[in-house]
Amino acid sequence: MDSYIEKIKFYSAHIIFTLICINDSIFINTWIAPGPIINIKYILVFYFSFFDKGRFSITFLFFIGLIFDSLQGMPFGMTPICFILLSKLASYLKQRRTQTNFQNEFIAFAISLLVTQIVSVIIISYFSQAPFEYLLLAINIIVSLIFYPVIRTFLKVFYYY
């Protein structure tokens with residue numbers, strides 16, 4: 001019985017991540033603001049890449065990113081690049097840290113989020129004709145950094161206790 005519960009617990013992260021990516025354009029954009037304010041997708045990718053390296057495979061992140069791009073109307077391939085880059089940065093920063101505490105983890109998340117957002121801005125500016133609002137990007141990064149400890153605490157309680 002424990003093996004079924006562990007499998008459900010393992011794949012629940014995949015299901016939640018997929019549903020957030022599919023529903024992101026419907027719920028977040030219409031209810032809160034014209035753009036996603038909290039990057040829950042990036043928080044989940046970073047968290048599971050930082051703590052559980054084998055949870056989200058590169059293939060899974062690639063296909064979910066392609067689905068998200070097609071639903072959002074973004075340049076095709078931008079989100080998979082960002083997801084994979086974030087996953088690799090989290091794995092690399094986890095290896096480089098000898099002592100893992102919340103401060104080191106938070107700094108690693110901030111660096112990874114900033115690099116990923118810069119890459120997405122570069123891709124959008126080169127491959128899209130839509131105007132880009134840098135104020136919304138700054139708000140997005142700040143709010144994502146503020147909500148990271150809350151979502152991290154929830155994920156730690158749900159997946160590791």
Side-chain angles (χ1 to χ4, degrees), residues 2-3 5-25 27-29 31-65 68 72 74 78-124 133-161:
D2 287 333
S3 64
I5 293 173
E6 289 176 12
K7 284 182 182 180
I8 290 171
K9 205 173 194 183
F10 181 81
Y11 288 114
S12 67
H14 293 81
I15 294 168
I16 290 169
F17 183 69
T18 304
L19 290 176
I20 286 173
C21 285
I22 290 172
N23 291 327
D24 194 25
S25 61
F27 295 114
I28 301 292
N29 292 344
W31 290 353
I32 297 176
I37 296 297
I38 304 171
N39 270 332
I40 298 174
K41 303 175 302 294
Y42 290 159
I43 293 173
L44 289 175
V45 169
F46 178 83
Y47 180 81
F48 287 116
S49 297
F50 196 79
F51 287 108
D52 192 3
K53 192 175 180 181
R55 180 72 60 128
F56 291 154
S57 68
I58 300 298
T59 308
F60 174 75
L61 292 175
F62 180 76
F63 283 120
I64 294 299
F68 183 75
Q72 285 281 9
M74 296 181 142
M78 182 191 82
T79 306
I81 289 171
C82 291
F83 284 166
I84 293 169
L85 176 67
L86 186 65
S87 174
K88 292 298 180 182
L89 279 171
S91 298
Y92 175 74
L93 291 172
K94 174 69 173 182
Q95 281 181 335
R96 299 292 296 170
R97 302 284 179 194
T98 55
Q99 181 183 21
T100 303
N101 57 15
F102 178 72
Q103 182 180 5
N104 291 340
E105 174 191 342
F106 187 76
I107 291 170
F109 175 69
I111 291 169
S112 301
L113 183 65
L114 186 64
V115 168
T116 305
Q117 292 296 334
I118 289 171
V119 167
S120 68
V121 166
I122 291 170
I123 291 172
I124 286 176
E133 296 185 25
Y134 293 101
L135 180 62
L136 186 62
L137 176 69
I139 292 170
N140 184 336
I141 291 172
I142 292 168
V143 173
S144 295
L145 289 174
I146 291 171
F147 275 94
Y148 177 75
V150 174
I151 295 172
R152 175 191 180 268
T153 304
F154 172 75
L155 290 171
K156 263 197 174 304
V157 167
F158 186 71
Y159 283 103
Y160 295 109
Y161 291 120

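In what follows, residues are counted from 1 in the order of the sequence shown. Just so it is clear, the structure is predicted and the values come from calculations on it, not from any experiment.
- Annotation: side chain to side chain contact (heavy atoms under 4.5 Å, CB included) contacts of Leu19 (sequence neighbours excluded): Ile15, Asn23.
- The shortest side-chain heavy-atom distance between Phe68 and Cys82 does not fall under the 4.5 Å cut-off.
- Taking CG of Leu145 as the start and CG of Leu113 as the end, the distance is 5.5 Å to the nearest 0.5 Å.
- Taken from CD1 in Ile81 to CG in Leu61, the straight-line distance is 13.0 Å, to the nearest 0.5 Å.
- For Ser87, the side-chain hydrogen bond (donor to acceptor under 3.5 Å, both in side chains) criterion is met by Ser49, not counting sequence neighbours.
- In this structure, CD1 on Ile43 lies 3.5 Å from CD1 on Ile151, to the nearest 0.5 angstrom.
- The minimum heavy-atom distance between Cys21 and Lys41, with the atom names listed, is SG-CD, 3.6 Å.
- Between Phe158 and Phe154, the ring planes are parallel. Angles under 30° get that label, and only those over 60° would be called perpendicular.
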Side-chain donor-acceptor distances from residues 103-112 under 3.5 Å, at least two apart:
from   : atom 1 : to     : atom 2 : distance (Å)
Asn104 : ND2    : Gln99  : O      : 2.7
Asn104 : ND2    : Asn101 : OD1    : 3.2
Glu105 : OE1    : Arg152 : NE     : 2.8
Glu105 : OE1    : Arg152 : NH2    : 3.0
Glu105 : OE2    : Tyr148 : OH     : 2.3
Glu105 : OE2    : Arg152 : NE     : 2.7
Ser112 : OG     : Ala108 : O      : 2.8

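- No close placement of the Phe46 and Tyr42 rings is indicated, their centers lying 6.0 Å or farther apart.
- Every ring pair (Phe, Tyr, Trp, His ring centres under 6.0 Å) that Phe56 has, sequence neighbours left out, goes to His14, Phe17, Phe48, Phe60.
- For Ser12, the side-chain hydrogen bond (donor to acceptor under 3.5 Å, both in side chains) partners at least two apart in sequence or on another chain are Tyr159.
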side-chain contact (heavy atoms from CB on, under 4.5 Å) assessment of Arg55 paired with Tyr47 = CA-CA 10 Å; Arg55 180 72 60 128; Tyr47 180 81; over 6 Å; no
key: Worked check of side-chain contact (heavy atoms from CB on, under 4.5 Å) between Met74 and Ile123   = CA-CA 10 Å; Met74 296 181 142; Ile123 291 172; over 6 Å; no
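- Expressed to the nearest 0.5 Å, how far CZ of Phe50 lies from CD of Gln95 amounts to 11.0 Å.
- From Ser144, atom OG reaches atom CG of Leu114 across 12.0 Å, with rounding to the nearest 0.5 Å.
- Taking the side chain to side chain contact (heavy atoms under 4.5 Å, CB included) definition, one finds that Leu137 meets it with Gln117, Val121, Phe132, Ile141, sequence neighbours left out.
- Remark: Thr59 OG1 to Ile64 CD1 distance equals 11.5 Å, nearest 0.5 Å.
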